[in-house]
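Worth knowing before you read on, the calculation uses all heavy atoms, side chains too, and leaves out hydrogens, waters and symmetry mates.
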Amino acid sequence: MRSFALKGLRGGALAGSAALAALLAAAPAGAADGPKRGGTLVVSMNADARSLEPGINRDSNSDAVVNNLFEGLVGYRTDLTVGPALAQGWTISEDGRSYTFTLRDGVTFHNGDPLTAAAVKWNWDRKSGQEGWLCARFFNGQAGGLKVEAVETPDPKTVVFRLAEPSGLFLTQLANIQCGMLVASPKSAGADGTWTPIGTGPFKFGSWKHGDQMVLERYDGYVPSSEPGSGYAGARQVYVDALRYQIIPDADAAAAALKTGAIDIIPQLDTIKIDELKAAGMKVMAAPGLSWSALLIQTEDPLLSNPKLRRALAQAIDIAQITEVRTNGLAKPNPSGVAESMRAFSADFLDWPKYDPAAAATLAKEAGYKGEPIRLQTNRRYVGMYDNAVMIQAMLSAAGFNVQLEVLDWAAQLDNYVNGRFQLSSFSYSARFDPGLMYAALIADKATAKWAQWGDPEARKLLAESGTLTDQTARAAIFRRLHAKMKEEVPIIGLYYSPTIEGVNPALHDYKPWAAAIPLAWGVWKG
């Protein structure tokens, strides 16, 4: 069998390993005369948000919007640590089973009602009992040792979470962007089942023209935290009058809009657009990313249930070459659930079956593969997922696999992912800030969690054990064991962590991208 060369599949020269550092160093500071109030910050979005109820019917676009409208008790800082948000602080009991949060002073919802501990508990009770909240398993003991037994409100300013056992992941999960543990006014939920987004964030809901744009207006009653702002923690000082999400599905149209000043930020900029935008005088800014691109494998499929065949797939895919082409050399291949920017990372997490198409063909034959068709799902909404699928199909075909692309609408592919309806799927996980969160997005009992990629009982046990530990060295050792086991079983083929690359209008000041790959609208100004 021949190997498959991919260089030149995408346009533009491949950058060297120093390219990301160069982009980071190029980030300019704001103008000397300081922040000015006013104007509308316009951010392009490749598709509409799915909903405005945190954590329900969500995707990364929904996450981006709701985190402007709502705040959680805690939030991630840009250095990936957890800091205060609605909570001005917290204490942990000596036995590690009780977390007591004190709410910050003066906070009101967008309708003027004061924030109370009772409202926080209402959100918890609603979320934990709500059908469709996929993160329930992270808090009820199903996905590990973390189990919230009770939430108490001894007074209007105090919220107490009581855990069944000490957990090294409680604050991390509470800040988890995908879980949407944000605080909404109880009046957000209508008796008829409707949802009105009434939060405490620096922006309030303005208008939504589905498929076109969504406008959020600055909430002038916002009372910021006393801690300096960083990511989703601390103060959210807003200078612009409004934030508009402009739906622009086409990457070329988004680039043209940025160059004309119609929009201010293109999130998740495709690398092929870097040179074009820089030549037009736009800023291109970057940060290490945490969004993990991967090839999902349905291990319960009659054909793909054979781990030997899955290892053959792994040997037929050159993840280094895919990474180089897709990121223009700005990222390195990484097949594990531990990103290089995470403190648990070591070279052990890069160990993976060696790319060898001839060996892959031999192993597939030993596994009994006789050329049966294998369908690979993808979509055109996310360029990276589609390009990865095309490259993977070519590589697998070169090794003798009969792989057929199935191009779906993103909504259909996402629904298939949630329900496990695929053989192979080109996919990307939103940023997770801790290895435990990333592995928890993969590992669960597949009998009850159809979205899970890996249902192995030992893997589930190891993940549960990692959640009970606070010692980071001990946790890293468990993650190494998980990765070694994943290398043998190949329930998923990780490719790379996409760097956060964004196109930014020069008229926008003091803006910086971060690992979450979600633009932050506070601290920035136009002028």
(message) Ignoring hydrogens and geometry beyond distance, is a side-chain donor-acceptor pair present between Thr81 and Arg77 at under 3.5 Å?
(response) yes
(request) Would you indicate whether the side-chain heavy atoms of Phe427 and Asn379 approach each other to under 4.5 Å? (result) no
(message) Using side chain to side chain donor-acceptor pair (under 3.5 Å), reason through Tyr219 and Thr108 one step at a time and then give a plain yes or no.
(response) CA-CA 10 Å; Tyr219 175 47; Thr108 62; 2.6 Å; yes
(message) Using modelled atom types and a 3.5 Å cut-off, is there a donor and acceptor pairing between side-chain atoms of Thr116 and backbone atoms of Pro156?
(response) no
(request) Please report the shortest heavy-atom distance between Ala339 and Leu290, naming the atom on each side. (result) CB-CD2, 3.7 Å
(message) Using 0.5 Å steps for rounding, measure from the CG atom of Leu520 to the OH atom of Tyr232.
(response) 5.5 Å
(message) Within this structure, what is the CG-CZ distance for the pair Leu69 and Phe203, rounded to the nearest 0.5 Å?
(response) 9.5 Å
(request) Give a yes or no on whether the ring-centroid distance for Trp514 and Tyr76 is below 6.0 angstrom. (result) no
(message) Testing the basics here: between Phe433 and Ala516, what is the closest heavy-atom pair and its distance to 0.1 Å?
(response) CZ-CB, 3.6 Å
(message) For a quick check under 3.5 Å, do Tyr496 and Asn388 share a side-chain donor-acceptor pair by atom type?
(response) yes
(request) Could you verify whether a donor N or O on one side chain and an acceptor N or O on the other, from Ser341 and Tyr497, lie under 3.5 Å apart? (result) no
(message) Checking Asp113 against Lys187 for the salt bridge (Lys or Arg N to Asp or Glu O under 4.0 Å) test, could you report, in this order, the C-alpha distance in whole Å, the side-chain angles of both residues, the deciding distance, and whether it holds?
(response) CA-CA 10 Å; Asp113 292 344; Lys187 294 178 182 177; 2.9 Å; yes
(message) Is any side-chain heavy atom of Thr91 closer than 4.5 Å to one of Thr102?
(response) no
(request) May I ask you to decide whether Arg326 forms a salt bridge with Asp270, counting only side-chain N to carboxylate O separations under 4.0 Å? (result) yes
(request) Answer yes or no: is there an ion pair linking Arg381 with Asp59, defined by an N-O contact shorter than 4.0 Å? (result) yes
(request) Please examine the side chains of Tyr511 and Met285, heavy atoms only from C-beta on, and report whether any two atoms are closer than 4.5 Å. (result) yes
(message) I'd like to know if the side chain of Trp522 and the backbone of Gly231 have a donor-acceptor N/O pair within less than 3.5 Å.
(response) yes
(request) Kindly indicate whether the side chain of Arg343, heavy atoms from C-beta on, has any atom under 4.5 Å from the side chain of Gln472. (result) yes
(request) Verify whether one side chain among Asn46 and Asn61 offers a donor that lies under 3.5 Å from an acceptor in the other. (result) yes
(request) Check whether any side-chain heavy atom of Leu115 sits under 4.5 Å from a side-chain heavy atom of Val120, and report yes or no. (result) yes
(request) With side chain to side chain donor-acceptor pair (under 3.5 Å) as the test, would you mind laying out the steps for Thr78 and Ser230 before giving the verdict? (result) CA-CA 6 Å; Thr78 55; Ser230 179; 3.1 Å; yes
(request) Check whether any side-chain heavy atom of Ile56 lies under 4.5 Å from a side-chain heavy atom of Gln130, and answer yes or no. (result) yes
(message) Please check: side-chain N/O of Thr500 versus main-chain N/O of Pro513, any donor-acceptor pairing under 3.5 Å?
(response) no
(request) List the steps and the verdict of side chain to side chain donor-acceptor pair (under 3.5 Å) for Gln173 and Gln178. (result) CA-CA 9 Å; Gln173 289 288 17; Gln178 290 75 30; over 6 Å; no
(request) Would you name the heavy atoms of Leu463 and Ala440 that are closest together and state the gap between them? (result) CD2-CA, 3.7 Å
(request) Begin from the C-alpha positions of Asp434 and Tyr439 and carry the test side chain to side chain donor-acceptor pair (under 3.5 Å) through to its verdict. (result) CA-CA 9 Å; Asp434 181 272; Tyr439 282 116; over 6 Å; no
(message) Looking only at side-chain N and O atoms, does Trp208 offer a donor or acceptor that is under 3.5 Å from a partner on Asp48?
(response) yes
(request) Verify, without hydrogens or angle tests, whether Thr327 (side chain) and Thr323 (backbone) share a donor-acceptor contact under 3.5 angstrom. (result) yes
(message) Is the ring pair Phe101/Phe161 parallel, tilted or perpendicular, if the boundaries are 30 and 60 degrees?
(response) perpendicular
(message) Distance check, rounded to the nearest 0.5 Å: Leu80 atom CG versus Arg432 atom CZ?
(response) 14.0 Å
(message) Run Asp125 and Asn123 through side-chain contact (heavy atoms from CB on, under 4.5 Å) and show every step you take.
(response) CA-CA 6 Å; Asp125 291 343; Asn123 278 267; over 6 Å; no
(message) So does Val338 get a backbone contact from the side chain of His483, meaning a donor-acceptor N/O pair under 3.5 Å?
(response) no
(request) Step by step, work out the side-chain contact (heavy atoms from CB on, under 4.5 Å) result for Lys209 and Met214. (result) CA-CA 6 Å; Lys209 186 177 180 181; Met214 184 187 303; over 6 Å; no
(request) Look at the rings of Phe170 and Tyr99 and say which category their plane angle falls in: under 30° parallel, 30 to 60° tilted, over 60° perpendicular. (result) tilted
(request) Check the side chains of Ser98 and Arg162 for a donor-acceptor pair under 3.5 angstrom, ignoring hydrogens and angles. (result) yes
(request) Kindly say whether Leu508 contributes a backbone atom to a donor-acceptor pair with the side chain of Asn505 at under 3.5 angstrom? (result) no
(request) Taking the side chain as every heavy atom from C-beta outward, state whether Tyr245 and Leu216 have any atom pair closer than 4.5 Å. (result) yes
(message) Just verifying a value: how many Å separate Lys121 NZ and Ser128 OG, rounded to the nearest 0.5 Å?
(response) 8.0 Å
(request) Output yes when a side-chain donor or acceptor of Asn68 lies under 3.5 Å from a complementary backbone atom of Ala64, and no otherwise. (result) yes
(message) Salt bridge or not between Glu53 and Arg58? Use side-chain N to carboxylate O under 4.0 Å.
(response) no
(request) Give a yes or no on whether a salt bridge exists between Arg475 and Asp471, defined as a side-chain N under 4.0 angstrom from a carboxylate O. (result) no
(request) Run the salt-bridge test on Glu71 and Arg104 with the 4.0 Å N-O cut-off and return the result as yes or no. (result) yes
(message) Treating Lys259 as the side-chain partner and Glu276 as the backbone partner, does any N or O pair qualify as donor plus acceptor under 3.5 Å?
(response) no
(message) Could you tell me if the side chain of Leu52 sits less than 4.5 Å from the side chain of Phe205, heavy atoms only?
(response) yes
(message) Let's go through Thr100 and Trp90 carefully: what are the C-alpha distance in whole Å and the side-chain angles of both, what is the deciding distance for side-chain contact (heavy atoms from CB on, under 4.5 Å) to 0.1 Å, and is it a yes or a no?
(response) CA-CA 5 Å; Thr100 301; Trp90 61 87; over 6 Å; no
(request) With rounding to the nearest 0.5 Å, note down the distance linking CZ in Arg137 to SG in Cys179. (result) 8.0 Å
(request) For Ser498 and Ser291, test the side chains for any donor-to-acceptor distance below 3.5 angstrom and give the result as yes or no. (result) no
(request) Can you spot which of Val504, Ile501, Asp275 makes a side-chain contact (heavy atoms from CB on, under 4.5 Å) with Val284? (result) Ile501
(request) Answer yes if the ring centres of Trp410 and Tyr382 are under 6.0 angstrom apart, and no otherwise. (result) yes
(request) Could you go through the side-chain contact (heavy atoms from CB on, under 4.5 Å) check for Tyr239 and Val524 one step at a time? (result) CA-CA 7 Å; Tyr239 298 109; Val524 302; over 6 Å; no
(request) Ignoring hydrogens and angles, tell me if any N or O in the side chain of Arg244 forms a donor-acceptor pair with the backbone of Leu41 under 3.5 Å. (result) no
(request) Check for a donor-acceptor pair, side chain of Ser225 on one end and backbone N or O of Glu227 on the other, with a separation under 3.5 Å. (result) yes
(request) Return yes if a side-chain donor-acceptor contact under 3.5 Å exists between Gln246 and Asp212, otherwise no. (result) yes
(message) Is it the case that the side chains of Ser60 and Asp63 hold a donor-acceptor pair, with the cut-off being a distance below 3.5 Å and no angle test?
(response) no
(message) For the CG atom of Leu163 and the CD atom of Glu149, what is their distance to the nearest 0.5 Å?
(response) 8.0 Å
